[in-house]
J.: 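Supplied in structure tokens, the structure appears directly below.
Everything numeric here is computed off the predicted structure, so don't read it as measured data. Counting begins at 1 with the first residue of the sequence.
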Amino acid sequence: MTPVGVIGLGIESSCDETSVALIRNGSECLANLVHSQIEQHAPFRGVVPEIASRAHLEKINTLYDRALVEAGLSTEQLEYVSVSVRPGLVGSLMVGAQFAKSFALVTGRPIIGVDHLEAHLYAPCLEGHRPEFPFLGLLLSGGNSAIFMVHGPGQLELLADTLDDACGEAFDKAAAILGLPFPGGPHVERAAAGFHPEASHRRLFPKLLRHRGDAPPAFSFSGIKTALLRAVQDGSHPVELLAWDFQDTVFELVERVLLRLVQTTGITRVVASGGVLANQTLRVRLEKLARESGFALVYPRSRLLCTDNAAMIGALGYFLRNTAFQFRDLSFDVSSKRYLPPARPSDSLRP
Ligand code: KG4
């Protein structure tokens with residue numbers, strides 16, 4: 001039987017998750033299989049590129065077969081393939097790209113190369129949110145922390161970046177300092193939940209610096225991490241309090257940068273995504289900020305859709321069909337760098 005709608009295949013292998021998804025009309029997830037390599041990398045407290053590429057190679061074919069079975073589909077019913085082509089570990093990206101190229105070669109279907117970071121901002125499409133442009137895209141993950149103005153599919157403008165660590169990376173390093181396992185985010189969150197501050201509680205860490213009016217808005221997490229290290233060396237504070245103070249400071253900074261950009265751009269639609277959005281405290285804080293500051297906030301409710309997954313790659317691929325992101329031949333390459341088109345003449349950063 002012919003399935004109704006356009007069904008696409010999404011492939012993700014940019015870092016330490018191998019994922020294959022089948023998506024209908026860019027909005028419905030028919031299968032989204034994710035194989036995490038965390039256990040293989042945990043002893044090294046970080047992702048080892050060589051191990052990652054090999055693990056992707058081992059898993060990708062099986063995941064594809066399983067996705068078809070789960071969705072009750074066959075290869076002939078898939079109408080396009082979209083694949084993460086940047087940014088990420090090159091050896092890892094190549095595994096996914098090679099798989100997608102083989103699929104395109106065998107089936108003759110179009111192949112679309114997507115930016116993994118941009119795809120995170122399309123994850124809410126799989127929960128019924130059609131993107132409305134322009135919107136501000138807040139991305140907080142293990143490798144990146146940024147805010148984009150999203151003018152349309154494939155049209156990103158970078159408004160704020162991190163000057164040092166990514167937000168998730170800061171959580172991972174904080175966990176190491178606190179003696180908690182890798183990846184650190186969930187463990188720091190759990191430890192922080194064990195501290196119940198009194199109204200009079202004052203954070204141990206220095207206050208965040210005020211934003212200088214003329215400086216572009218930016219994240220910077222390394223100072224907070226150093227403050228944590230000092231507090232730990234001090235030796236007299238429980239892990240729960242340290243984790244709470246760290247998390248509270250990081251999220252205050254996130255809120256500040258986001259709010260500033262909402263105010264300066266006048267854009268009142270925000271899509272937030274990336275692994276750190278799995279954090280319940282952050283979700284609650286951003287929702288409160290949105291209510292109080294009058295912007296609409298969307299983020300993936302499913303934690304699986306916050307972290308790396310192929311469903312979001314398949315969803316963005318749907319919107320990028322028949323654009324310059326659909327490759328005309330199979331000689332394209334992958335890249336460790338993110339896609340940043342030339343800045344559009346735009347008034348997004350009005351003073
Ligand atoms: O988006 P993601 O899956 O991929 C990479 O960029 O690799 O994000 C992973 C990051 C890790 O740094 C992890 O510590 C962080 O997201 N993370 C969290 C939480 N869950 C995952 N950070 C804070 N709180 C969490 N609950």
J.: Start with the C-alpha gap between L93 and H116, add the side-chain angles, then the distance that decides, and say whether side chain to side chain contact (heavy atoms under 4.5 Å, CB included) holds.
T.: CA-CA 10 Å; L93 287 166; H116 171 92; 6.0 Å; no
J.: One pair to check against ring pair (Phe, Tyr, Trp, His ring centres under 6.0 Å): H187 and F182. What are the steps and the verdict?
T.: CA-CA 8 Å; H187 297 282; F182 174 86; 9.4 Å; no
J.: Any non-hydrogen side-chain atom of V271 less than 4.5 Å from a side-chain atom of H129?
T.: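 SC-SC contact between V271 and H129 ruled out.
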J.: Measure the spacing between CD1 of I224 and CZ of F205 and express it to the nearest 0.5 Å.
T.: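 It is 8.5 Å, given to the nearest 0.5 Å.
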J.: Please determine which of C29, P300, P131 meets the side-chain contact (heavy atoms from CB on, under 4.5 Å) test together with C125.
T.: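 Only one of C29, P300, P131 forms a side-chain contact (heavy atoms from CB on, under 4.5 Å) with C125, namely P131.
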J.: Kindly say whether I7 contributes a backbone atom to a donor-acceptor pair with the side chain of E79 at under 3.5 angstrom?
T.: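 No, E79 side chain to I7 backbone: no donor-acceptor pair under 3.5 Å.
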J.: For D115, is there an ion pair with K337 - N to carboxylate O distance below 4.0 angstrom?
T.: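 No, no charged N to carboxylate O under 4.0 Å.
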J.: Are any of the side-chain heavy atoms of V188 and F246 separated by less than 4.5 Å?
T.: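 Counting from C-beta outward, V188 and F246 do come under 4.5 Å.
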J.: If you measure from CZ on R230 to CD1 on I177, what distance do you get to the nearest 0.5 Å?
T.: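 Output value for this atom pair is 11.0 Å.
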J.: With R321 as the cation and F319 as the aromatic partner, state whether NZ or CZ is under 6.0 Å from the six-membered ring centre and within 45° of the axis.
T.: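 Here R321 fails the 6.0 Å and 45° test against F319.
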J.: Can N144 and H120 be counted as having a side-chain donor-acceptor contact under 3.5 angstrom?
T.: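 Checked: N144/H120 side chains show no N/O donor-acceptor pair below 3.5 Å.
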J.: Indicate whether any N or O donor in one side chain lies under 3.5 Å from an N or O acceptor in the other, for Q280 and R303.
T.: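 Judged by distance alone, the side chains do pair up.
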J.: Suppose the criterion is side-chain hydrogen bond (donor to acceptor under 3.5 Å, both in side chains): which pairs have a residue in residues 58-68, not counting sequence neighbours?
T.: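 Every side-chain hydrogen bond (donor to acceptor under 3.5 Å, both in side chains) pair that includes a residue of residues 58-68, provided the two are not neighbours, is Y64-T75.
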J.: Could you tell me whether a side-chain N or O of S92 sits under 3.5 Å from a main-chain N or O of G88, the two making a donor and an acceptor?
T.: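 Not at all, since once roles are kept as given, no pair shorter than 3.5 Å links the two residues.
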J.: Decide yes or no for R285 and D248: does some side-chain heavy atom of the first lie under 4.5 Å from some side-chain heavy atom of the second?
T.: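 The answer is yes; the side chains approach within 4.5 Å.
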J.: For the residue pair L136 and L138, establish whether any side-chain heavy-atom pair is separated by less than 4.5 Å.
T.: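 Sidechains of L138 and L136: no contact.
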J.: Side-chain contact, heavy-atom cut-off 4.5 Å: Q40 with D16?
T.: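 They are not in contact (no side-chain heavy atoms under 4.5 Å apart), so the answer is no.
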J.: Looking at R203 and E252, is any side-chain nitrogen of the basic one under 4.0 Å from a carboxylate oxygen of the acidic one?
T.: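 Between R203 and E252 there is a salt bridge, with a charged N closer than 4.0 Å to a carboxylate O.
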J.: Let me confirm one number: the CG-CG distance from L158 to L117, rounded to the nearest 0.5 Å.
T.: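 So the CG of L158 and the CG of L117 are separated by 10.0 Å.
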J.: Whether the side chain of N32 engages the backbone of A21 through a donor-acceptor N/O pair (distance < 3.5 Å, no angle test) should be reported.
T.: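 It does not hold such a pair.
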J.: Using a 6.0 Å cut-off, check whether atom CZ of R45 has over 12 heavy atoms from anything other than its own residue.
T.: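 Atom CZ in R45 is packed in, count exceeds 12.
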J.: Any chance you could lay out the side-chain hydrogen bond (donor to acceptor under 3.5 Å, both in side chains) test for S336 and R86, step after step, and finish with the verdict?
T.: CA-CA 6 Å; S336 59; R86 64 184 160 252; over 6 Å; no
J.: Would you please say whether a donor-acceptor pair under 3.5 Å links the side chains of H56 and S13?
T.: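 No, no side-chain donor-acceptor pair sits under 3.5 Å.
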J.: Is the closest basic N to carboxylate O distance between E287 and R283 below 4.0 Å?
T.: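 Salt bridge flag = no for R283 with E287.
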J.: List the steps, then state whether side-chain hydrogen bond (donor to acceptor under 3.5 Å, both in side chains) holds for D164 with S220.
T.: CA-CA 6 Å; D164 38 63; S220 171; 2.6 Å; yes
J.: Do N309 and S19 get their side chains close enough for a donor-acceptor pair, meaning under 3.5 Å?
T.: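 Looking only at side-chain atoms, S19 and N309 do not form any donor-acceptor pair under 3.5 Å.
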J.: Less than 6.0 angstrom from the centroid, inside 45 degrees of the normal: does K101 satisfy that with respect to the ring of F332?
T.: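 Positive - K101 is close enough to the ring of F332 and near enough to its axis.
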J.: Should the pair E132-R269 be classified as a salt bridge under the 4.0 Å nitrogen-to-oxygen rule?
T.: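 The answer is yes: the pair qualifies as a salt bridge.
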J.: Is there a side chain to side chain contact (heavy atoms under 4.5 Å, CB included) between S145 and L139 once you walk through the steps?
T.: CA-CA 5 Å; S145 293; L139 179 79; over 6 Å; no
J.: Return a table of donor-acceptor pairs under 3.5 angstrom between the side chains of residues 105-114 and protein atoms on other chains or two or more places apart.
T.:
unit_1	atom_1	unit_2	atom_2	d
T107	OG1	F103	O	2.7
T107	OG1	R109	N	3.2
R109	NE	L78	O	2.8
R109	NH2	E76	O	3.2

J.: Using 4.0 Å as the upper bound for N to carboxylate O, is an ion pair formed by R338 and D161?
T.: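 Yes, D161 and R338 are salt-bridged.
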J.: In Å and rounded to the nearest 0.5 Å, what is the CD1 to CG distance from I23 to L126?
T.: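 Spacing of CD1 (I23) from CG (L126) equals 5.0 Å.
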J.: Does the side chain of E70 come within less than 4.5 Å of L33's, by heavy atoms?
T.: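 SC-SC contact between L33 and E70 confirmed.
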J.: Output the rest of the hydrophobic cluster of L163: all Ile, Leu, Val, Met, Phe, Trp and Tyr residues reachable through side-chain heavy-atom contacts under 4.5 Å, sorted by chain and number.
T.: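 ILVMFWY cluster around L163 holds nothing else.
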J.: Any side-chain to backbone donor/acceptor pair from R24 onto L30? Under 3.5 Å, distance only.
T.: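 Not confirmed, R24 side chain does not pair with L30 backbone.
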J.: Determine whether a donor-acceptor pair (N or O, by modelled atom type, separation under 3.5 Å) exists between the side chain of D329 and the backbone of S331.
T.: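 Between the backbone of S331 and the side chain of D329 there is a qualifying donor-acceptor contact (under 3.5 Å).
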J.: Please determine, by modelled atom types, if N25 and S27 share a side-chain donor-acceptor pair under 3.5 angstrom.
T.: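 Distance-only check fails for N25 and S27.
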J.: If you take all heavy atoms of P186 and P183, which pair is closest and at what distance?
T.: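 Closest heavy-atom pair between P186 and P183: CD-O, 3.5 Å.
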J.: Apply ring pair (Phe, Tyr, Trp, His ring centres under 6.0 Å) to residues Y122 and Y318 and explain how you reach the verdict.
T.: CA-CA 10 Å; Y122 286 73; Y318 174 83; over 10 Å; no
J.: To the nearest 0.5 Å, what is the distance between CD on E189 and CG on L180?
T.: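 Result: 12.5 Å between the selected atoms.
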J.: Is there a donor in the side chain of Q247 and an acceptor in the side chain of N279, or the other way round, less than 3.5 Å apart?
T.: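 Yes.
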J.: Tell me whether the centres of the aromatic rings in H196 and W244 are closer together than 6.0 Å.
T.: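 For H196 and W244, the ring centres are not under 6.0 Å apart.
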J.: Are the side chain of H41 and the backbone of V48 linked by a donor-acceptor contact shorter than 3.5 Å?
T.: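 Yes.
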J.: Given ring pair (Phe, Tyr, Trp, His ring centres under 6.0 Å), test F171 with F251 step by step and report yes or no.
T.: CA-CA 11 Å; F171 267 91; F251 292 161; 5.7 Å; yes
J.: Check whether any side-chain heavy atom of Q37 sits under 4.5 Å from a side-chain heavy atom of E17, and report yes or no.
T.: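 No, their side chains stay 4.5 Å or more apart.
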J.: Between I60 and L63, is any pair of side-chain heavy atoms under 4.5 Å apart?
T.: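 No, side chains not in contact.
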J.: Would S14 and E12 count as having a side-chain donor-acceptor pair, cut-off 3.5 Å?
T.: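 Note: S14 and E12 side chains meet the donor-acceptor criterion.
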J.: Consider side-chain contact (heavy atoms from CB on, under 4.5 Å). Of L320, L9, I313, L316, which one does S82 pass it with?
T.: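 Output: one option passes, namely I313.
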J.: I want to know whether Y80 and F325 have ring centres closer than 6.0 Å.
T.: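 Distance test on ring centres: not under 6.0 Å, no.
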J.: Is it the case that more than 12 heavy atoms not belonging to R256 sit under 6.0 Å from its CZ atom?
T.: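 Atom CZ in R256 is crowded, with more than 12 foreign heavy atoms closer than 6.0 Å.
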J.: Under the criterion side chain to side chain contact (heavy atoms under 4.5 Å, CB included), I'd like the reasoning laid out for D245 against H201: C-alpha separation, chi angles, the key distance, then a yes or no.
T.: CA-CA 10 Å; D245 275 10; H201 176 68; 2.8 Å; yes
J.: Given F295 and L258, is the side chain to side chain contact (heavy atoms under 4.5 Å, CB included) satisfied, shown in steps?
T.: CA-CA 11 Å; F295 63 86; L258 177 62; 4.0 Å; yes
J.: Measuring from atom CG of L277 to atom CG of L286, what distance do you get when rounded to the nearest 0.5 angstrom?
T.: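 So the gap between those two atoms works out to 6.5 Å.
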J.: Look only at the side chain of Q98 and the backbone of V95, and say whether a donor-acceptor pair between them is shorter than 3.5 Å.
T.: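 Checked: no pair found.
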